[in-house]
Amino acid sequence: MALLLLAPIAALAQKTEKVDTLIISKIKDEGLNHSKVMDILSMLTDVNGPRLTNSPGYKKAADYAKSTLESWGLQNVAFDQWDEEFGRGWQLKKFSLQTLEPSAFQVISHPKAWTPGIKGTVLTEAIYLDVKDEADLEKYKGKLKGKIVLFSAPVVVKPGFKSDASRFNDSTLLQMANAHLEAEGQGGPRRPNATMQQQQKLTYAKWELCEKEGAVAVLEASPASRLEDGTILVSAATVPYPPSVSFDKRVRAQHANVPKLLPQIVVADEQYNRLVRILQKGSPVKMELSLETEFTNAGPGFNVIGEIPGTDLKNEVVMIGAHLDSWHSGTGATDNGAGSAVMMETMRIIKSLGVSPRRTIRIGLWGGEEQGLIGSRNYVKRVLGERLDKTRPYDSIKLKPAAEKFSVYFNMDNGTGKYRGIYLQGNEAAGPIFKAWFKPFAKMGASTITIQNTGGTDHQAFDAIGLPGFQFIQDPIEYSSRTHHTSMDVFDKAIEADLKQNSVITAAFAWIAANRDGLIPRK
């Protein structure tokens, strides 16, 4: 009965939605036949990547983005500085790790972000810290000084019988379209049980032993068992804390007042396992390590903001965005150079139309997404509003005047895959509107509209205060299986045709939103 009652409303919404087919045709022609998206992506990755937040690489990429947007004629292009401290910048200057005995081979590995360096080149033995409980630590006292410590357990590596890359099939998209909105979980974060607490306590004791005994560096296996064939997942250096210290009392590796850390290096699982097996057979492992890193001064982070001013409704805003920052073992191509390139290309396409939108169209390239959506959340708090309560039911929102003039935000951050539709974030009223907007792109495979939420990226900053914020549905390709936060997140993994399609659809959605009669409805 509910569906029957809603059907006429949806049909009416689609009939009243005006889609300028002439403008859409121009957008398609420019975006598909004269695209610059791969050139932009190469500049963000090959030339200026990786883009760790507040690092010199991030600053270079931001400089490129700013100057490029300005060259296209965007206005009010600026570095949007946060009003909170982020911490130090960091970059890798020089790194080499190889095994010399019992046989020589280069170790596939990468240092964690914000790890300290070492002086000169170190030639030393490796030791596997094989402990099951704290009593086992005693046998390693007096044996770790100046040594390279293999810290984690070996990882089970299985043959890869399944393909890394995939696209959504019709049945999966149909399930998404027919899905119901899932209720959000209640309560705070899950509390660790006794077994988890004991493991955390042992892990902290291992870190404490390595520090006190004077280990030269710590090696860990790549933490994602889904990865093999030499791919490694690398993020920030571990700051050891006993489980009794609550997370809000801990500092992260980038903070200026972080405790002294040991150099930390992630090793490809297959080679890490080999090193462990050699040591377990009683054969010594001699390694050579050089590691030079550079820290920059602590300070707030920043985003890159620019806009195409509107005409009669210029005080109202349509916004598009993606996060500019990345992790550092690859060049941040699919996470999220692809999204940033698509959003920049979107602005270029709109400028190429030679006409101005009614509403202002604004781009946001966010920093600090990988550390918790910091850039977009800080922007939203400063410009649009914030939640005053920190626990559910989240019923206390304080909006600023700019929020009343804010229409919608569109985000891209799920890899290189082409758009297949959009997540509504529970905003049922937007569904019929977007269905009409997707009609010109149905033959391109983009038409699925799901009431479902999706998380983990910057549209949540807008959605959290009740503003329409949306993430597009994208084909998975190799995002979760190979490239996300890994050493294989590089330009070669980007699919040109998919990024062209995404640029065209984003440009169309931004243009239609900027020129329709009303703002996008709120849930």
Side-chain angles (χ1 to χ4, degrees), residues 80 176 179 181-182 184 303-305 317-326 334-344 346-347 361-387 394 397 399 402-403 406-415 417-431 433-434 437-438 446 448-474 476 479 484 502-503 505-510 512-514 519-523:
D80 173 63
M176 296 173 74
L181 184 64
E182 297 177 2
E184 293 186 34
N303 312 306
V304 181
I305 303 292
V317 174
V318 168
M319 198 162 188
I320 63 171
H323 72 89
L324 183 62
D325 67 305
S326 76
T334 68
D335 187 27
N336 187 27
S340 293
V342 162
M343 295 303 158
M344 291 178 65
T346 291
M347 299 302 270
I361 300 175
R362 185 175 296 157
I363 184 174
L365 301 177
W366 313 114
E369 191 272 352
E370 299 294 3
Q371 290 75 40
L373 317 185
I374 300 175
S376 58
R377 283 176 170 164
N378 190 271
Y379 174 87
V380 167
K381 181 185 72 172
R382 285 181 288 109
V383 176
L384 299 169
E386 62 180 318
R387 283 195 180 277
Y394 295 144
I397 298 174
L399 294 180
F406 187 87
S407 181
V408 65
Y409 172 78
F410 296 112
N411 192 78
M412 176 178 158
D413 182 22
N414 284 146
K418 68 180 179 180
Y419 291 169
R420 306 302 301 276
I422 200 166
Y423 296 95
L424 291 180
Q425 297 295 127
N427 189 339
E428 292 179 286
I433 296 170
F434 293 157
W437 295 7
F438 269 122
T448 299
I449 298 178
T450 179
I451 195 67
Q452 290 177 318
N453 297 334
T454 188
T457 188
D458 294 295
H459 70 288
Q460 288 183 292
F462 298 83
D463 186 56
I465 63 168
L467 298 179
F470 303 99
Q471 164 76 15
F472 290 98
I473 301 169
Q474 292 179 250
Y479 192 59
H484 183 237
N502 297 356
S503 303
I505 293 176
T506 307
F509 270 52
I512 298 170
L519 302 176
I520 297 299
R522 302 180 183 187
K523 60 183 179 182

Practice task
Could you check Lys418 against Ile505 for side chain to side chain contact (heavy atoms under 4.5 Å, CB included), going step by step and ending with a plain yes or no?
Solution key: CA-CA 10 Å; Lys418 68 180 179 180; Ile505 293 176; over 6 Å; no
Practice task
Start with the C-alpha distance between Gln460 and Asn411, add both sets of side-chain angles, then the distance that settles side chain to side chain contact (heavy atoms under 4.5 Å, CB included), and finish with yes or no.
Solution key: CA-CA 10 Å; Gln460 288 183 292; Asn411 192 78; over 6 Å; no
Handout entry: side chain to side chain contact (heavy atoms under 4.5 Å, CB included) between Asn453 and Tyr423, worked out
Key = CA-CA 6 Å; Asn453 297 334; Tyr423 296 95; over 6 Å; no
Practice task
Start with the C-alpha gap between Gln425 and Thr454, add the side-chain angles, then the distance that decides, and say whether side chain to side chain contact (heavy atoms under 4.5 Å, CB included) holds.
Solution key: CA-CA 7 Å; Gln425 297 295 127; Thr454 188; 3.7 Å; yes
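Counting heavy atoms from C-beta outward, Ile305 and Trp366 have side chains that approach closer than 4.5 Å.
Heavy-atom minimum distance, Gly415 versus Ala338: O-CB, 3.9 Å. When all heavy atoms of Gly431 and Ile449 are compared, the pair lying nearest together is O-CD1, 3.5 Å. Minimum heavy-atom separation, Val383 to Ala402: O-CB, 3.5 Å. Between Thr448 and Ile473 the shortest heavy-atom distance is O-CD1, 3.8 Å. Contact detail for Gln474 and Asn414: the closest heavy-atom pair is OE1-N, 3.0 Å. Here the closest non-hydrogen pair linking Thr346 and Ser503 is OG1-O, 3.4 Å.
Here Arg522 pairs with nothing under the salt bridge (Lys or Arg N to Asp or Glu O under 4.0 Å) rule; sequence neighbours left out. Under the ring pair (Phe, Tyr, Trp, His ring centres under 6.0 Å) criterion, Phe462 pairs with Phe406, Tyr409, sequence neighbours left out. When the salt bridge (Lys or Arg N to Asp or Glu O under 4.0 Å) test is applied to Asp463, the partners found at least two apart in sequence or on another chain are Lys523. Looking at residues two or more places apart in sequence or on another chain, you find a ring pair (Phe, Tyr, Trp, His ring centres under 6.0 Å) between Phe410 and Phe434, Phe472, Phe509. Ser407 pairs by the side-chain hydrogen bond (donor to acceptor under 3.5 Å, both in side chains) definition with nothing, not counting sequence neighbours. Annotation: side-chain hydrogen bond (donor to acceptor under 3.5 Å, both in side chains) contacts of Asp458 (sequence neighbours excluded): Ser376.
Going from atom OG1 of Thr450 over to atom CG of Leu424 covers 7.0 Å, rounded to the nearest 0.5 Å. In this structure, the separation between CE on Met319 and CG on Leu384 is 8.0 Å, given to the nearest 0.5 Å.
Taking the six-membered ring for Trp, His459 and Phe470 have ring centres at least 6.0 Å apart.
Counting only distance, with no hydrogens or angles, the side chain of Asp80 and the backbone of Asn303 share no donor-acceptor pair below 3.5 Å. A distance-only check finds a donor-acceptor pair linking the side chain of Asn502 to the backbone of Gly417 [under 3.5 Å].
Neither side chain, Gln471 nor Asp413, offers a donor N or O lying under 3.5 Å from an acceptor on the other. For the residue pair Asp335 and His323, a side-chain donor N or O sits within less than 3.5 Å of a side-chain acceptor on the partner.
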